[in-house]
Amino acid sequence: MTVLAHTHPLVRQLENDLLPLFRAALPPLAAAAPRALASVFAFSSGTASAFQDYHFGISCLLDDVSDDAPEEVALLVSVTGLESDARLSAQVVWGQPSGRVEMQAELQADDLPALHAALPGLVDGLQQAASRGTPAI
């Protein structure tokens, strides 16, 4: 159990489902992208409250990139608007200065089966992006 586990039932479900899957994805990701330092993360954020939105994912920090290139690519799963109209999103996104969304899954508010169906493709997309070391053109 982590700090996030005391919250909304959807957040607890996501934490229990996603974090073990993301941890299991680290060794193949490290093998495919040895230039990347991959880690699993989970945190909360929000403007109305610190626990309004939750984010889970895998971050890949890239080694030896130019100053004008993004040094991070991540698989980010977010649940937002828990205090009103919850929304679920999942995407592979590059850090700044790019901010480019490499791929994303179209999900309904609490459609966990669709999220689970999309995760293998998103993990593969993250692995390809980290191996490539730069956003796709």
Side-chain angles (χ1 to χ4, degrees):
M1 179 175 3
T2 70
V3 176
L4 303 179
H6 72 281
T7 61
H8 193 280
L10 179 57
V11 173
R12 284 196 302 271
Q13 184 68 48
L14 287 170
E15 180 180 44
N16 290 333
D17 290 354
L18 297 180
L19 295 183
L21 291 173
F22 290 167
R23 287 185 193 108
L26 292 179
L29 183 56
R35 292 182 2 158
L37 174 61
S39 61
V40 173
F41 65 85
F43 65 92
S44 66
S45 67
T47 53
S49 118
F51 303 105
Q52 181 179 0
D53 306 326
Y54 286 83
H55 314 278
F56 303 91
I58 303 171
S59 170
C60 295
L61 295 176
L62 304 171
D63 188 25
D64 196 27
V65 297
S66 65
D67 290 341
D68 62 341
E71 56 188 18
E72 180 183 25
V73 62
L75 167 55
L76 177 64
V77 176
S78 298
V79 59
T80 59
L82 284 171
E83 296 172 354
S84 57
D85 185 26
R87 292 172 308 282
L88 189 59
S89 66
Q91 58 188 0
V92 174
V93 63
W94 285 91
Q96 296 305 319
S98 168
R100 182 180 179 343
V101 175
E102 186 96 7
M103 64 188 315
Q104 63 186 8
E106 299 297 326
L107 304 169
Q108 297 300 318
D110 57 355
D111 192 353
L112 294 180
L115 173 62
H116 283 280
L119 282 174
L122 290 166
V123 170
D124 286 345
L126 175 65
Q127 188 173 27
Q128 291 170 16
S131 296
R132 195 174 55 248
T134 185
I137 296 175

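Count residues from 1 along the sequence.
When every heavy atom of G133 is checked against every heavy atom of L62, the shortest pair comes out as O-CD1, 3.7 Å. Taking all atoms of both residues into account, the shortest heavy-atom contact from P135 to R100 is CB-CD, 3.8 Å. Counting all heavy atoms, side chain and backbone alike, S39 lies closest to L26 at N-CD2, 4.1 Å. Minimum interatomic distance between P28 and Q127 (heavy atoms only, all atoms of both residues): O-NE2, 3.0 Å.
The hydrophobic clustering, which links ILVMFWY residues whose side-chain heavy atoms are closer than 4.5 Å, places M103 and F56 together. Hydrophobic cluster membership differs between L37 and I58, with clusters built from Ile, Leu, Val, Met, Phe, Trp and Tyr side chains linked at under 4.5 angstrom. Note on V73: it does not cluster hydrophobically with L61, by side-chain heavy-atom contacts below 4.5 Å among ILVMFWY residues.
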Pairs of donor and acceptor atoms involving the side chains of residues 111-121, under 3.5 Å and at least two apart or interchain, shall be tabulated with distances.
residue: D111; atom: OD1; partner: A114; partner atom: N; Å: 3.2
residue: H116; atom: NE2; partner: D17; partner atom: OD2; Å: 3.0

- Evaluation steps, side chain to side chain contact (heavy atoms under 4.5 Å, CB included), between L10 and Y54: CA-CA 10 Å; L10 179 57; Y54 286 83; over 6 Å; no

- Message: For a side chain to side chain contact (heavy atoms under 4.5 Å, CB included) check, start with the C-alpha distance between E72 and S59, then their side-chain angles and the critical distance, and finish with the verdict.
- Response: CA-CA 7 Å; E72 180 183 25; S59 170; 2.4 Å; yes

- Test side chain to side chain contact (heavy atoms under 4.5 Å, CB included) on L126 and C60 and set out the steps. CA-CA 8 Å; L126 175 65; C60 295; 4.1 Å; yes

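Heavy-atom contacts from other residues, nucleotides or ligands closer than 6.0 Å to CD of E71 number 12 or fewer.
Separating the CG atom in L18 from the CZ atom in R23 is a distance of 10.5 Å, to the nearest 0.5 Å.
For the side-chain hydrogen bond (donor to acceptor under 3.5 Å, both in side chains) with S78, the qualifying choice from R87, H55, Q91 is H55, the only one to do so.
Taking A30 as the reference, nothing meets the side-chain contact (heavy atoms from CB on, under 4.5 Å) condition, with sequence neighbours excluded.
Q104 is not listed as a side-chain neighbour of S89, based on a closest heavy-atom distance of 4.5 Å or more. In this structure, the side chains of L88 and V77 come closer than 4.5 Å at one or more pairs of heavy atoms.
Sorted by first and then second residue, the salt bridge (Lys or Arg N to Asp or Glu O under 4.0 Å) pairs with a member in residues 25-39 form an empty list; sequence neighbours excluded.
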